[in-house]
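Everything numeric here is computed off the predicted structure, so don't read it as measured data.
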Amino acid sequence: MPLLAGFATALSLIVAIGAQNVFVLRQGLRREHVLPVVLTCALSDALLISSGILGLGALLTRSQLALDIAKFGGAAFLYAYAFLAAKRAFNPGAMTAADHAPSALRSVVLACLGFTYLNPHVYLDTVVLLGSLANQRGTDGRWLYGLGAVTASFTWFFSLGFFSRKLATLFARPRAWQFLDTSIALLMTTLATWMLLT
């Protein structure tokens, strides 16, 4: 059934640990602007998957300039975020959720958009791969496949954003935030370097 196939394929792609998921997890742990963040991620996936079904994937794979802009812009963005995470990790005393000054909604949403649209692999996964798999289902099945993929995205991001707060007790200690931010810094640096080398 196209709906279930789309759901399963999209979920397997989205669940992989990446910069966007780590950002959503961190916002969920801080209980800060969670709904706008998960909506931004899920609606962005819906837009990208729909664009792939409508044929944008074929255009993207033929534009080396678009791929290079996403590659180098995305790597620079990830390096900058890695630096900020490392800076937080070196100051663990200021990292409890209660004591940390809240970030402005605008800056959080802009960061979320950066993690989404400055990652060239998001285009390969959603626009190119899911779009082409959907179109293999024919005229009647492609939108059902796309609906399944979009449903998987909403399910994952809402679960990650809102259920991560169950870990809030663990992250009441500055040392846990230090570990998380150190891991984020290392992951972002690794992803950015891998992005430049591939």
Side-chain angles (χ1 to χ4, degrees), residues 1-28 33-75 77-78 81 105-106 108-166 187 191 194-195 198:
M1 183 179 179
L3 189 71
L4 291 177
F7 185 93
T9 306
L11 197 62
S12 68
L13 293 170
I14 295 166
V15 169
I17 294 174
Q20 186 187 48
N21 283 339
V22 172
F23 180 75
V24 173
L25 174 65
R26 191 169 199 284
Q27 290 305 121
H33 307 308
V34 179
L35 182 60
V37 165
V38 297
L39 277 176
T40 298
C41 293
L43 290 173
S44 293
D45 274 1
L47 174 65
L48 292 167
I49 292 166
S50 299
S51 299
I53 293 172
L54 292 171
L56 182 62
L59 292 175
L60 274 180
T61 54
R62 288 198 291 262
S63 173
Q64 188 58 46
L65 176 62
L67 293 174
D68 285 344
I69 290 171
K71 177 179 181 177
F72 294 110
F77 179 81
L78 291 177
Y81 198 81
L105 174 61
R106 182 174 178 272
V108 169
V109 171
L110 285 175
C112 188
L113 289 170
F115 283 118
T116 302
Y117 291 101
L118 291 177
N119 177 6
H121 296 285
V122 78
Y123 298 101
L124 295 176
D125 287 349
T126 57
V127 179
V128 178
L129 181 58
L130 290 175
S132 63
L133 289 173
N135 283 318
Q136 289 175 12
R137 302 279 169 169
T139 306
D140 295 332
R142 63 180 184 160
W143 289 110
L144 273 177
Y145 187 95
L147 178 61
V150 169
T151 303
S153 178
F154 271 83
T155 301
W156 171 251
F157 286 118
F158 273 77
S159 299
L160 182 62
F162 287 103
F163 287 111
S164 58
R165 64 182 59 183
K166 300 290 185 187
L187 176 65
L191 288 172
W194 177 67
M195 193 181 289
T198 56

For the pair Tyr123 (side chain) and Tyr117 (backbone), establish whether a donor and an acceptor sit closer than 3.5 Å, ignoring hydrogens and angles. yes

CA sep, side-chain torsions, deciding dist, call: Leu39, Phe158, side chain to side chain contact (heavy atoms under 4.5 Å, CB included): CA-CA 8 Å; Leu39 277 176; Phe158 273 77; 3.8 Å; yes

Can you tell me how far apart CG (Leu35) and CZ (Phe162) are? Round to the nearest 0.5 Å. 5.0 Å

To the nearest 0.5 Å, tell me how far Ser164 OG sits from Asn21 CG. 11.0 Å

So CH2 of Trp143 and CD1 of Ile49: to nearest 0.5 Å the spacing works out to 10.5 Å

Apply side-chain hydrogen bond (donor to acceptor under 3.5 Å, both in side chains) to Arg142 and list each qualifying residue two or more places apart in sequence or on a separate chain. Asn135

With sequence neighbours left out, write down each residue that passes side-chain contact (heavy atoms from CB on, under 4.5 Å) with Leu147, or none if nothing qualifies. Leu3, Thr151

Spacing of CZ belonging to Phe157 relative to OG belonging to Ser44, to within rounding of 0.5 Å: 8.5 Å

Could you check Tyr145 against Thr9 for side chain to side chain contact (heavy atoms under 4.5 Å, CB included), going step by step and ending with a plain yes or no? CA-CA 10 Å; Tyr145 187 95; Thr9 306; 3.3 Å; yes

Residue pair Cys112, Cys41: steps toward the side chain to side chain contact (heavy atoms under 4.5 Å, CB included) verdict: CA-CA 7 Å; Cys112 188; Cys41 293; 3.4 Å; yes

Exercise: identify the closest heavy-atom pair between Gly146 and Ile53: CA-CD1, 3.7 Å

Contacts of type side-chain contact (heavy atoms from CB on, under 4.5 Å), residue Val108, not counting sequence neighbours: Phe23, Gln27, Glu32, His33, Val37, Ser103

Can you give me the closest heavy-atom contact between Ala5 and Arg137, atom names plus distance? CB-NH2, 3.4 Å

Rounded distance [0.5 Å steps], CG in Leu130 versus OG in Ser50: 11.0 Å

Side chain to side chain contact (heavy atoms under 4.5 Å, CB included) between Phe115 and Val22: does it pass, once the steps are laid out? CA-CA 10 Å; Phe115 283 118; Val22 172; over 6 Å; no

Looking at residues at least two apart in the chain, or sitting in another chain, which of them share a side-chain contact (heavy atoms from CB on, under 4.5 Å) with Ala152? Phe7, Ala10, Leu11

Using side-chain contact (heavy atoms from CB on, under 4.5 Å) as the criterion, list what pairs up with Phe163, not counting sequence neighbours. Ser159, Lys166

Atom OG1 of Thr155 and atom CG of Leu160: how far apart are they, to the nearest 0.5 Å? 12.5 Å

Any residue meeting side-chain hydrogen bond (donor to acceptor under 3.5 Å, both in side chains) with Thr116, in chain and number order, not counting sequence neighbours: Gln20

